[in-house]
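Below is one structure; the comments refer to it alone.
Just so you know, these numbers use all the heavy atoms, side chains as well, and skip hydrogens, waters and symmetry mates. We name chains A, B, ... by the order of the sequence lines, and we start the count at 1 in each one.
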Protein chains: 2
Amino acid sequence: MDRPAGRRPTVKDVAKLAGVSQGTVSNALSGMRGVDPVTRQRIDQAVAQLGYVPNLAARRMRTGMTHAIAVMTSMPAAVSAGSSRLGFLMEIAASAAIHALEHNSALVLVPPVADPATALRNVAMDGAIIIEPQRDDAFLSLLRQRGLPTVVIGQPAQDDLPWIDMHYSETAEMLLSHLLQQGSRRIALIIGASQRVSQGITEQVYHAQMQRFGIAPRVIRVPEAEGEEGAYRVTRALLQQDPGLDGIFAPVDAFASGVMRALREEGRAVPGEVRVVTRYDGLRAREERPALTAANLHLDQVAAMATRVLMDLIAGREIAHCTKGPSPSLVIRDSSAVQGG
Amino acid sequence: MDRPAGRRPTVKDVAKLAGVSQGTVSNALSGMRGVDPVTRQRIDQAVAQLGYVPNLAARRMRTGMTHAIAVMTSMPAAVSAGSSRLGFLMEIAASAAIHALEHNSALVLVPPVADPATALRNVAMDGAIIIEPQRDDAFLSLLRQRGLPTVVIGQPAQDDLPWIDMHYSETAEMLLSHLLQQGSRRIALIIGASQRVSQGITEQVYHAQMQRFGIAPRVIRVPEAEGEEGAYRVTRALLQQDPGLDGIFAPVDAFASGVMRALREEGRAVPGEVRVVTRYDGLRAREERPALTAANLHLDQVAAMATRVLMDLIAGREIAHCTKGPSPSLVIRDSSAVQGG
DNA sequence: CGCCTTGAGTAAAACGTTTTAAAGGTCGAG
DNA sequence: CTCGACCTTTAAAACGTTTTACTCAAGGCG
């Protein structure tokens with residue numbers, strides 16, 4: 001493999017060495033068209049000798065394909081930053097990267113930043129996976145504007161985009177049923193104030209369950225931007241106001257952290273006096289003391305599905321508008337165990 | 001913004017509408033050369049009207065710049081897969097993504113896969129961050145072969161690549177001193193069998209410390225590929241053979257999990273009878289019961305440094321051969337607390 | 001034998017941008 | 001008035017690949 005000094009060898013160099021035209025080299029390497037076996041062998045040899053590696057940028061410009069997909073979320077930094085939601089994003093990214101590679105594509109990570117427009121300006125991609133977009137999501141509208149194939153993990157607010165169903169209502173039911181089964185009878189829901197699909201559905205399920213058990217509903221909305229701190233504040237107020245509370249459902253794990261801190265400082269025993277559950281089983285849920293009961297959302301499988309659907313979409317294959325993700329499973333931890341359990 | 005049906009507007013369309021040449025448009029948009037303010041305004045208006053977005057592939061082919069960097073590791077799957085080491089990789093990737101974006105670059109995630117060659121074939125990048133490479137690292141040799149700027153997180157085995165010092169010896173000293181200070185006097189080191197720089201240094205530090213305290217060293221090597229299971233096996237054997245053991249240092253967190261399981265099944269109290277510490281403070285360390293004392297390696301800062309150095313390297317700026325990362329800090333958890341602490 | 005099809009190969013165009021070489025114009029100094 | 005310096009603008013080249021349109025030869029079939 002002797003490289004012509006300075007310059008990387010091109011298809012032209014290979015063609016010259018093999019004594020054929022550029023077109024034939026292209027056909028031999030990646031081409032659909034037939035090439036005589038003996039010619040192909042000459043070309044292969046030239047490639048090996050020169051150490052030729054195709055220039056991806058040139059190929060991509062010519063074909064229009066980027067061979068890269070992106071993963072992004074527009075969660076506000078207060079809930080997505082640090083180790084909490086970032087875990088959510090990263091679990092999905094890791095799995096998507098592996099599966100993208102199986103389709104000869106790279107995965108680029110678009111971090112949650114203040115300015116989505118500049119973030120996307122420098123990222124080339126064939127399509128995107130967007131995680132739990134909100135109504136009027138900035139990333140989503142940019143993607144639409146560029147006409148990029150997009151798959152939603154979670155549920156789209158109003159769009160007709162293909163999506164992976166994460167079973168929002170099933171998850172909420174599972175966690176609430178667990179609280180009820182453990183004996184909680186005055187259960188509060190602490191939820192984000194934004195217009196997110198997951199929150200709407202969770203709230204609906206909560207109201208239905210409370211009504212079934214004849215429990216007065218107690219919904220507290222926290223602006224997402226206030227994150228853990230906001231949840232801490234409202235929980236302290238809530239505990240003063242309603243001392244008989246014996247269960248809290250805080251789907252956002254950053255909120256759950258705030259809830260736990262409030263309970264500690266109010267001197268309430270968990271799970272003795274108050275049981276707490278959250279949704280995403282990430283670092284926060286596991287590190288809390290007592291550790292939080294949560295749902296295993298099987299994000300690796302969800303991401304694998306999203307990647308496959310996106311690849312189908314990009315390739316122009318037929319796709320299902322909605323793909324059912326794996327059902328969540330309950331991870332019972334100390335924060336909701338029956339007394340003495 | 002009225003797009004000429006079907007085709008995305010190009011610089012040529014903008015030029016025509018603004019009544020100037022392509023070159024002037026290019027100069028106005030990204031160019032270094034002067035453009036008359038009034039002309040520039042006409043061009044800006046044309047851009048807005050057409051909704052022009054530069055074709056990144058074309059730009060990249062022309063300039064030779066990809067505006068993307070990659071993060072990769074070649075840790076064997078047994079220790080890097082699942083939530084343990086993957087956490088390590090992802091913590092770095094998340095931080096690198098944010099900082100890459102500040103330099104107008106995307107971050108692509110190269111997952112640890114069986115075949116590095118095919119993994120890299122489809123990834124275009126200006127440079128790479130490689131995490132704790134081993135001797136004769138497959139990724140590393142591919143990067144070298146393609147002549148790509150590379151920064152090592154950890155320490156390179158024999159290469160002259162720029163690297164971010166993660167303070168291997170300082171970390172090992174800190175964790176061992178902690179064990180000694182907590183009263184442990186028969187301390188075993190359970191470490192990977194491979195030729196990794198971090199392991200060599202850790203072992204050296206261990207021997208020095210043991211000698212200083214007049215303790216007979218006890219080093220057990222586990223093939224990395226055996227992961228948690230391997231560590232479990234050797235620890236059970238170790239406990240039978242040396243019942244007086246009162247401290248275990250297992251730098252690899254997957255090994256620490258195996259160690260804890262062995263201790264449980266042998267009925268040894270942690271930290272009562274045996275104290276355990278590990279290195280990377282990830283999901284595994286926090287989720288273990290009792291939770292493991294570990295080192296906060298400040299991976300976000302390490303990744304930020306690596307990204308900056310890589311960007312300097314790509315831009316051809318002067319760089320330091322070795323950059324000191326942040327000093328690790330001790331995170332004391334129950335697995336090493338003094339009795340009754 | 002004549003005609004059509006097929007297969008292998010080639011030269012040149014095309015992709016959309018940035019860069020280069022050159023040209024036109026203005027302005028000030030001599 | 002002339003010359004050079006400087007600024008703006010342009011036409012065309014260049015980047016490295018894939019695709020297109022075409023040629024040429026060989027072979028099958030009537």
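- As rounded to whole Å, 18 Å separates atom C1' of C/dG16 from atom CE of B/Met65.
- Look at B/Thr63 and you won't find any side-chain N or O under 4.0 angstrom from OP1 or OP2 of D/dC15.
- Nucleotide D/dA14 holds its P atom 15 Å from the CE atom of A/Met61, rounded to whole Å.
- In the set C/dT10, D/dA11, C/dG16, the nucleotide with an atom closest to the side chain of B/Ser21 is D/dA11.
- In terms of position along DNA chain C, the nucleotide closest to A/Arg33 lies nearer the 5' end than the nucleotide closest to the other residue of the pair A/Arg33 and B/Asn27.
- C/dG16 atom P lies 14 Å from atom CG of B/Leu50, rounded to whole Å.
- Residues A/Met125 and A/Leu143 meet the side-chain proximity criterion, which asks for heavy atoms closer than 4.5 Å.
- Per the geometry, CZ belonging to B/Arg59 stands 14 Å off C1' belonging to C/dT19, to the nearest Å.
- Among the nucleotides D/dT18, C/dG9, D/dG16, the one closest to any side-chain atom of A/Val35 is C/dG9.
- Summarising the geometry, the separation between CZ on B/Arg60 and P on C/dT18 is reported as 12 Å, rounded to the nearest angstrom.
- Heavy-atom neighbours of B/Glu102 CD from other residues, nucleotides or ligands within 6.0 Å: above the threshold of 12.
- When heavy atoms are screened at a 4.0 angstrom cut-off, B/Ser26 is found touching base atoms of the nucleic acid.
- Residue contacts shown for B/Thr24 include a base, since a base heavy atom lies under 4.0 Å away.
- Side-chain contact check for B/Ile69 versus B/Val108: every heavy-atom pair is 4.5 Å or farther apart.
- For the pair B/Leu56 CG and C/dG16 C1', the interatomic distance rounds to 11 Å; values are reported in whole Å.
- In terms of polar N and O atoms assigned as donor or acceptor, the side chain of A/Arg62 never comes within less than 3.5 Å of the base of D/dT17 in a complementary pairing.
- Side-chain atoms of A/Thr118 and A/Asp115, non-hydrogen and from C-beta on, do get closer than 4.5 Å to each other.
- Spacing between atom CD1 of A/Ile43 and atom C1' of C/dG9 amounts to 10 Å, rounded to whole angstrom units.
- Residue contacts for B/Gly23: at a heavy-atom cut-off of 4.0 Å it reaches a base atom on one of the strands shown.
- Smallest separation of non-hydrogen atoms from A/Pro156 and A/Val197: O-CG2, 3.9 Å.
- Minimum atom distance to the side chain of A/Asp36 is reached by C/dG9, of the listed C/dG9, D/dT18, C/dT17.
- Residue B/Ser30 has a polar side-chain atom (N or O) positioned under 4.0 Å from OP1 or OP2 of C/dT18.
- The distance between atom CD of B/Gln22 and atom C1' of C/dT20, rounded to the nearest whole Å, is 14 Å.
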